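Down below is the structure, laid out as structure tokens.
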Amino acid sequence: MNKSIPKRPFMKEWHVTGFTVFLLLFIAVVLSAQATQVGQDFSMEQFADLWIKMANPDWSYLPRVLTPLAQTVQMAIVGTLIGGIAAIPFAFLAASNIVRNSFVRGIIRFVMNLIRSIPQMLLAALFVAVVGIGTLSGVLALAVFSFGMMFKLLYEAVETVDQGPIEAMRAAGGKRSQVIVFAVIPQVLNQYLSFFLYTLEINVRASAVLGYLGAGGIGLYLNTTLDTFRYDQTSVVILAILLVIVLVDALSNKLREALS
């Protein structure tokens, strides 16, 4: 016996609700752009001229950016290392399965959340104002950022470890330090190294821009070439940064896959 296929309602058949929501969002974006005057000064002619100049890189400028490019990578490594090591004791103090005192944990987490809420660019600007222009400002900014990020990832990893070894160590009369060294660290070591590599990836990208604020590295050359309208040299700087980021990401992914 043949049965007629039920007909879908008009609203659902033609996706009226979805199209209406999309149209309203599009109108809202256009109105907000007009209200904030976004794109008012955009010039297609200037954009085309910029693109043409950047499409012909001045490769003779490449030797000059190799040293600051190496400094950028060094800034990222040192900053990540300092922040990653400093985060370890605070991460254990904030873990509920290590420290039973909720007041102590709450204070530490609150302070760490405040630190993590400060953007890298603002940190760089603050340290440039305090210690002056140079790579030290960049290292300190990346160290503080890495500290907050590694703390968050590590203490969450510590709280999710298997409780069996911890309870066994405590039952055997082990001290808190022994519990951490022999029951917790072996379980989170690979995760910690993976977190370290992930943070390093982020810092390599960030360190390339921090120099734009005077925090040292390749960003200073990026700022200089843009200010002097040498866009052919700017393209060399951008391509060099891109190559380093791709290589660091590829190496980091391989190492994290090996750790997992």
Side-chain angles (χ1 to χ4, degrees), residues 61 64-94 106-157 192-228 230 233-234 236-249 251-252:
Y61 192 68
R64 295 186 59 182
V65 304
L66 294 179
T67 298
L69 191 63
Q71 290 178 348
T72 298
V73 177
Q74 292 170 354
M75 283 169 49
I77 294 174
V78 174
T80 308
L81 188 63
I82 294 173
I85 294 176
I88 294 175
F90 291 94
F92 283 110
L93 290 175
I107 291 296
I108 292 176
R109 293 183 186 185
F110 177 74
V111 174
M112 295 302 107
N113 287 333
L114 288 179
I115 294 175
R116 289 194 306 111
S117 66
I118 305 175
Q120 288 175 318
M121 301 296 286
L122 179 57
L123 287 171
L126 290 174
F127 283 116
V128 166
V130 173
V131 301
I133 296 175
T135 56
L136 178 60
S137 302
V139 169
L140 293 176
L142 294 175
V144 173
F145 170 78
S146 302
F147 175 68
M149 185 171 183
M150 291 289 291
F151 161 80
K152 176 70 173 178
L153 296 173
L154 184 57
Y155 99 77
E156 290 181 348
Y192 174 80
L193 295 176
S194 179
F195 297 154
F196 181 89
L197 293 172
Y198 176 66
T199 306
L200 178 61
E201 290 180 31
I202 298 175
N203 285 342
V204 169
R205 297 186 184 96
S207 60
V209 182
L210 294 183
Y212 198 84
L213 299 175
I218 192 67
L220 182 61
Y221 285 74
L222 180 63
N223 186 19
T224 301
T225 56
L226 288 173
D227 288 344
T228 56
R230 290 301 306 270
Q233 296 178 351
T234 302
V236 174
V237 176
I238 293 175
L239 290 173
I241 294 173
L242 179 62
L243 178 61
V244 169
I245 290 175
V246 169
L247 291 176
V248 171
D249 284 356
L251 178 61
S252 177

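Everything numeric here is computed off the predicted structure, so don't read it as measured data.
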**Item:** Residue list, salt bridge (charged side-chain N to carboxylate O under 4.0 Å, His left out) with Arg116, at least two apart or on another chain
**Value:** none
Please output the side-chain donor-acceptor pairs of residues 121-128 that fall under 3.5 Å, not counting sequence neighbours, one pair per line with the distance.
none

**Request:** Please collect all salt bridge (charged side-chain N to carboxylate O under 4.0 Å, His left out) contacts where either partner lies in residues 125-135, sequence neighbours excluded, each pair once.
**Result:** none
**Request:** Taking side chain to side chain donor-acceptor pair (under 3.5 Å) as the test, write out the residues that go with Thr199, two or more places apart.
**Result:** none
**Request:** Mark yes or no for whether Tyr192, through its side chain, and Gly84, through its backbone, hold a donor-acceptor pair below 3.5 Å.
**Result:** yes
**Message:** Test side-chain contact (heavy atoms from CB on, under 4.5 Å) on Val73 and Val244; report intermediate values, then the result.
**Reply:** CA-CA 8 Å; Val73 177; Val244 169; 3.6 Å; yes
**Item:** Counterpart residues, ring-ring contact (aromatic ring centres under 6.0 Å, His included), relative to Phe151 (two or more places apart)
**Value:** Tyr155
**Request:** Look at the side chain of Ser207 and the backbone N and O of Met75, then say whether any donor-acceptor pair between them is shorter than 3.5 Å.
**Result:** no
**Prompt:** In chain order, what residues pass the side chain to side chain contact (heavy atoms under 4.5 Å, CB included) check against Leu243, with sequence neighbours excluded?
**Reply:** Leu247
**Asked** If you round to the nearest 0.5 Å, how far is CG of Leu210 from CG of Leu140?
**Response** 11.5 Å
**Prompt:** If you measure from CG on Leu93 to CD1 on Ile108, what distance do you get to the nearest 0.5 Å?
**Reply:** 4.0 Å
**Request:** Could you please spell out the steps behind the side-chain contact (heavy atoms from CB on, under 4.5 Å) verdict for Phe90 and Val111?
**Result:** CA-CA 10 Å; Phe90 291 94; Val111 174; over 6 Å; no
**Item:** Closest contact, heavy atoms only, Leu222 versus Thr225
**Value:** O-OG1, 3.0 Å
**Message:** Applying side-chain contact (heavy atoms from CB on, under 4.5 Å) to Met149 and Tyr198, what does each step give before you reach the verdict?
**Reply:** CA-CA 10 Å; Met149 185 171 183; Tyr198 176 66; 3.1 Å; yes
**salt bridge (charged side-chain N to carboxylate O under 4.0 Å, His left out) partners of residues 205-215, not counting sequence neighbours, each pair once** = Arg205-Asp249
**Prompt:** Which value, rounded to the nearest 0.5 Å, describes the distance between Leu142 atom CG and Gln120 atom CD?
**Reply:** 6.0 Å
**Message:** Under the rule for ring-ring contact (aromatic ring centres under 6.0 Å, His included), what residues qualify as partners of Phe195, not counting sequence neighbours?
**Reply:** none
**Complete:** Across all chains, not counting sequence neighbours, the side chain to side chain donor-acceptor pair (under 3.5 Å) partners of Glu201 are Ser252, Arg256
**Ile82: partners by side chain to side chain contact (heavy atoms under 4.5 Å, CB included), with sequence neighbours left out** = Val78, Val139, Ala143
**Asked** Rounded to the nearest 0.5 Å, how far does OG1 of Thr67 lie from CD1 of Ile218?
**Response** 9.5 Å
**Request:** Would you give the length of the straight line joining atom CD of Gln74 to atom CG of Leu81, rounded to the nearest 0.5 angstrom?
**Result:** 13.0 Å
**Prompt:** Taking atom CG of Leu66 and atom CD of Gln71, what is their separation to the nearest 0.5 Å?
**Reply:** 11.5 Å
**Request:** Mind listing the closest non-hydrogen atom pair of Arg109 and Ala94 along with its distance?
**Result:** NH2-O, 2.7 Å
**Request:** Any pair with a residue in residues 124-152 that passes side-chain hydrogen bond (donor to acceptor under 3.5 Å, both in side chains), sequence neighbours left out, goes on the list, sorted by first then second residue, please.
**Result:** Ser146-Asn203, Lys152-Glu156
**Complete:** Hits for salt bridge (charged side-chain N to carboxylate O under 4.0 Å, His left out) against Arg64, two or more places apart or cross-chain, chain-then-number order -> none
